[in-house]
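Since this is a predicted model, take the numbers as computed values, not measurements.
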Amino acid sequence: MSERDAEANRFSARAARYARVGANVGGVAARMAGARLFGVEGRDASNAEALAKALGGLKGPIMKVAQLVATIPDVVPPEYAAELQKLQSQAPPMGAAFVKRRMMAELGASWRERFGEFDLKPAAAASLGQVHRATTQEGAALACKLQYPDMESAVEADIAQLEVLFSLHRRMGAVIDTTEIAKEIGARVREELDYRREAKHAALYQAILSDTPEIRVPAVEAGLSTGRLLTMHWLEGSPILSHKQDGQAVRDRISTAMFKAWWRPFSHHGVIHGDPHLGNYTVFSESGEPQGINLLDYGCIRIFPPSFVGGVVDLYKGLRDGEEARVIHAYETWGFKGLTKDLVDTLNIWARFIYGPLLEDRVRRIAEDVSPAEYGRKQAFQMHQALKARGPVTVPREFVFMDRAAIGLGGVFLHLDAELNFHRLFEAEIEGFSVERVAAQQGAALTAAGLKPAA
């Protein structure tokens, strides 16, 4: 950020936010510490509820961080995850006068003349900004995402408090070392503040999915976008959950589009859309019939080294063909250390859960008798129990959004009660796969979009 940027990471704004967040979260931490001091178990529902209540009054980035943490299996105890998942990330919307000032700061005093129409009332409000409907001067429908003020300072303060959430878990004998997880969450949330980067992400996805008609990506209006204002073309669509009662063929068609929207960019270009929030997708129709999905938000995009993608495919093929050496090689590729047979068997509990639907060559549901909110929790608990005797395991940071997105994608399939041959869908995506091919395709796509490869 420029030194003249009035909203850069300001100490005063950061300190004020830190005080508010720290007071709320710290109060719950002190309550838990006191309970343990007097021999009372700190992991009870009342403490989990108290933490959710403390965070629920704060709004802003800490809500996004808390919900993100809740979707990563075994980072916090299950009773805490259940409460954190109930949080709503929406902040109070900015009023019309405030929106005018924000738009003037981004596009100048004559900002209104650059639009045909602009609705000062937000169409949606989230943790970092809100969306307004507008039109170009020629009448094309637009979605203008406008960031709330002082978000950089708020994010820095809230990320600092992330360690408090993780420390609660460590006091309870955690077996997952959260050091790398905290780094990854911080890096991705900071990226979400940069709307110029998000515009490049959208351009990247337009190129990657240009030959996939069942997935639509909005075009960016670069002349009406800044670092804190992102203007894209509005894609008409209906909420995914409004199709839960549609016929099986329609639900399967939507689910297939979701599968391709996630696995195609990853298997061909080493990129994933890391936010499984259902509000990031809508369903488009043609001739009155649902045909595919609109992919709306590009703030949480994760670019992986091609070798990481190779590890994902190696683990799949190792499990599919019973090749233990290939399974071990996959874990080593990702950076797991000290791989004893017991540790590999333990990691395979989670791997067989994630890969399970991909390994069976048959039409099936993603899971039986499991709610979207509970998807993956049982397997995470089993892995947790198995890891207890082996001490803390450091999970490579790339897994944070890989697991999160996989769980979110599974949740969509559960909501829609999809019945698909996930094995054949996946095999089609990795046909002709090689790390070298991913590297070449990724390099070309990132260069075209103005993005750098993963560090």
Side-chain angles (χ1 to χ4, degrees), residues 1 5-8 59-61 63-64 88-152 154-155 189-206 216-239 273 275 277-284 293-301 449-450:
M1 294 288 179
D5 186 348
E7 290 187 30
K59 308 297 181 185
M63 302 288 284
K64 175 178 283 290
Q88 298 297 313
S89 62
Q90 292 194 345
M94 294 183 283
F98 207 87
V99 169
K100 291 178 182 178
R101 291 198 297 273
R102 297 291 296 157
M103 291 297 293
M104 186 182 301
E106 298 306 315
L107 295 180
S110 59
W111 70 271
R112 184 62 185 80
E113 299 172 12
R114 301 174 68 175
F115 296 90
E117 298 178 3
F118 190 96
D119 190 347
L120 293 170
K121 183 179 179 181
S127 51
L128 302 182
Q130 61 189 40
V131 177
H132 293 262
R133 295 199 69 157
T135 66
T136 63
Q137 293 174 332
E138 296 73 30
L142 299 173
C144 299
K145 185 162 74 168
L146 183 61
Q147 193 172 116
Y148 299 131
D150 283 324
M151 279 295 98
E152 187 177 352
V155 161
V189 175
R190 289 185 183 99
E191 281 183 356
E192 288 200 52
L193 291 172
D194 185 355
Y195 286 1
R196 288 190 179 91
R197 182 180 179 87
E198 184 171 348
K200 294 176 181 178
H201 288 163
L204 175 66
Y205 264 71
Q206 272 200 314
R216 293 180 176 176
V217 177
V220 174
E221 285 285 336
L224 297 174
S225 299
T226 68
R228 297 191 181 96
L229 171 67
L230 178 60
T231 301
M232 299 188 290
H233 284 226
W234 186 280
L235 296 180
E236 289 293 343
S238 51
H273 190 286
D275 192 345
H277 191 283
L278 288 171
N280 289 335
Y281 318 100
T282 57
V283 176
F284 71 82
I293 64 165
N294 299 315
L295 194 52
L296 303 178
D297 190 279
Y298 297 86
C300 189
I301 301 298

Contact summary for [X] and [Y], nearest pair of heavy atoms:
X      : Y      : result
Ala109 : Met104 : CA-CG, 3.7 Å
Ala143 : Val131 : CB-CG1, 4.1 Å
Thr226 : Tyr195 : O-CB, 3.5 Å
Val155 : Val189 : CG1-CG1, 3.9 Å
Trp111 : Leu107 : CB-CB, 3.7 Å
Gly223 : Arg114 : O-NH2, 2.5 Å

Could you check whether any side-chain heavy atom of [X] comes within less than 4.5 Å of a side-chain heavy atom of [Y], counting everything from C-beta outward?
X      : Y      : answer
Cys144 : Leu229 : yes
Lys145 : Asp297 : yes
Pro122 : Met94  : no
Gln130 : Tyr148 : yes
Val99  : Phe118 : yes
Arg228 : Arg102 : yes
Leu142 : Arg133 : no
His132 : Phe115 : no

Going from [atom1] on [X] to [atom2] on [Y], what distance comes out if it is rounded to the nearest 0.5 angstrom?
X      : Y      : atom1 : atom2 : answer
Leu296 : Thr282 : CG    : OG1   : 4.5 Å
Asp194 : His201 : CG    : NE2   : 8.5 Å
Leu235 : Asn294 : CG    : CG    : 4.5 Å

I'd like to know if the side chain of [X] reaches the main chain of [Y], judged simply by a donor and an acceptor atom lying under 3.5 Å from each other, with no hydrogens or angles considered.
X      : Y      : value
Arg112 : Met103 : no
Glu198 : Tyr298 : yes
Glu152 : Leu193 : no

| query | Should we say atom CD of Glu113 is surrounded by more than 12 heavy atoms from elsewhere, each under 6.0 Å from it? | reply | no
| said: Parallel, tilted or perpendicular, judged at 30° and 60°: which one describes the rings of Tyr281 and His273? | reply: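 Aromatic pair Tyr281/His273 classed tilted.
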| message | Applying salt bridge (Lys or Arg N to Asp or Glu O under 4.0 Å) to Arg196 and Glu106, what does each step give before you reach the verdict? | response | CA-CA 13 Å; Arg196 288 190 179 91; Glu106 298 306 315; over 6 Å; no
